[in-house]
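What follows is a short report on a single structure.
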There are 2 protein chains.
Amino acid sequence: MAKPPKDNSPITEHLAYLLAQANREINRQLEMRLSKEGVPVEQWRILKVLSDGNGHSMGELADAVLLNHPTLTKMVDRMVSDALVYRVQDPKDRRKVLMFVSDRGKALSKRLNSLAVSQEEHILESYGDKSTNELKRLLESLIDSSN
Amino acid sequence: MAKPPKDNSPITEHLAYLLAQANREINRQLEMRLSKEGVPVEQWRILKVLSDGNGHSMGELADAVLLNHPTLTKMVDRMVSDALVYRVQDPKDRRKVLMFVSDRGKALSKRLNSLAVSQEEHILESYGDKSTNELKRLLESLIDSSN
DNA sequence: TGGAAAATATTGAATATTCAACAATTGAAG
DNA sequence: CTTCAATTGTTGAATATTCAATATTTTCCA
């Protein structure tokens, strides 16, 4: 029944390709919206994760926002310069640094969230509730099955 | 019924995030396999697309392999150095360059294809035929609905 | 306890990507 | 026809990412 792609089947039959293509497109759309605030998608993720108010270590944060450690360090440097977030040494484990969002970061985060939500609404409209939910469910379960 | 995420809902409820996460994971796995041949995922895509034997312009190719034009130009430069592909000026339209795969490129492409196929087989096993096919179908239709 | 190994974050050099400008060719309008 | 705009691909500078090495702190265990 379900077969893997053959050597000579088009690249568009590969799950890896379809994921890359869909991700590229959706990410590009989100990027366009967030550009209103002059902020890359990754900074939205960082602010959103930190918005729970709890301190998050750089390692935790890197996992959560899908960035490598050095990339995150440098992006956080910029955000600290912009006074969006700040670092605190973790008193329980002094190897760690805990990241927090500033008031300015919280305000920006709110504006970014509404831009992101409005994108999701747009997707729901053009793609449909049913498909969207089913796709989310399948993606979650793919991620689960990959760990 | 199906609602978009709220401002304060976790980032994991956003389609954009789930796509990025799944793409990152699957891409990383593919990258691992292809590293046996010392080749990045993008070069597999390029070789696969060119393997139809027809010449493809840089613009076409950039779209097909999900790369920006300058990035593609530079990657193709490397592949030309490695004698995997070659450029031919399009006689019909001399602004264009047609890309072709060399014999060496074809041989490499075959080896890369089996690595990629074996990854798909692995996904089918752990994730299931049904889910895989359904996910592919939904991704295709998401991409369609985004154009 | 003492010292080696692991975990965490950062840095700097090497690499890759992107943006804006450019060159060449074609298309289109007057 | 001729000129101006649009298309195609490349280049170089600016920017961003990654890899390997480092510093610091903690954990483990002999």
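Every chain is numbered from 1 and lettered A, B, ... according to where its sequence line falls, protein lines coming before strand lines.
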B:Arg28 CZ to D:dC19 P, in whole Å, measures 12 Å

Regarding the side chain of A:Pro70, the nearest nucleotide among D:dC19, C:dA20, C:dT17 is D:dC19

B:Asp90 atom CG is separated from C:dA24 atom P, nearest whole Å, by 18 Å

Hey, does the side chain of A:Thr73 come within less than 4.0 Å of C:dA9's phosphate (OP1/OP2), counting only N and O?
-> no

State whether the distance check finds a donor on one side and an acceptor on the other, under 3.5 Å, for side chain B:Lys92 versus base C:dT26.
-> no

Atom CZ of B:Arg24 and atom C1' of D:dT18 are separated, to the nearest Å, by 12 Å

Q.
With a 4.0 Å cut-off on N to O distance, would you call B:Asp90 and B:Lys92 a salt bridge?
A. no

Assign each of B:Met58 and A:Arg78 the nucleotide of DNA chain D bearing its closest heavy atom; nearer the 5' end lies the nucleotide of B:Met58

**Asked** Looking only at side-chain N and O atoms, does A:Asn68 come under 4.0 Å of OP1 or OP2 in D:dT17?
**Response** no

Any side-chain heavy atom of B:Leu18 within less than 4.5 Å of one from B:Gln21? yes

Quick note, B:Asp93 side chain, CB onward, closest among D:dT11, D:dT25, C:dT26 is C:dT26

Separation of D:dT18 atom P from B:Asn27 atom CG, nearest Å, is 11 Å

* **In one Ile/Leu/Val/Met/Phe/Trp/Tyr side-chain cluster, 4.5 Å: A:Leu50, A:Met75** => yes

Rounded to whole Å, CG of B:Leu72 lies from C1' of C:dT17 at a distance of 13 Å

base_contact_polar (D:dT24 base, A:Lys96 side chain, donor-acceptor, <3.5 Å):
no

Could you tell me whether B:Glu134 and B:Arg137 make a salt bridge, using a distance below 4.0 angstrom between a side-chain N and a carboxylate O?
-> yes

Does A:Arg95 get its side chain close enough to the base of D:dT24, under 3.5 Å, for a donor-acceptor pair? no

B:Asp77 atom CG is separated from C:dT17 atom C1', nearest whole Å, by 14 Å

Between CE of A:Met99 and C1' of C:dT8 the distance, given in whole Å, is 14 Å

Atom CD of A:Glu42 and atom P of C:dT18 are separated, to the nearest Å, by 11 Å

query = Can you check whether B:Arg94 has a side-chain N or O nearer than 4.0 Å to OP1 or OP2 of C:dA24?
reply = no

The nucleotide from C:dT11, D:dG9, C:dT10 with an atom nearest the side chain of B:Val97 is D:dG9

*Quick one: is A:Ser57 getting a side-chain N or O under 4.0 Å of the C:dA9 phosphate, OP1 or OP2?*
yes

Quiz item: Within the pair A:Arg87 and C:dT10, is there a side-chain N or O less than 4.0 Å away from OP1 or OP2?
Solution: yes

**Asked** With under 30° as parallel and over 60° as perpendicular, where do the rings of B:Phe100 and B:Tyr86 fit, or are they tilted in between?
**Response** parallel

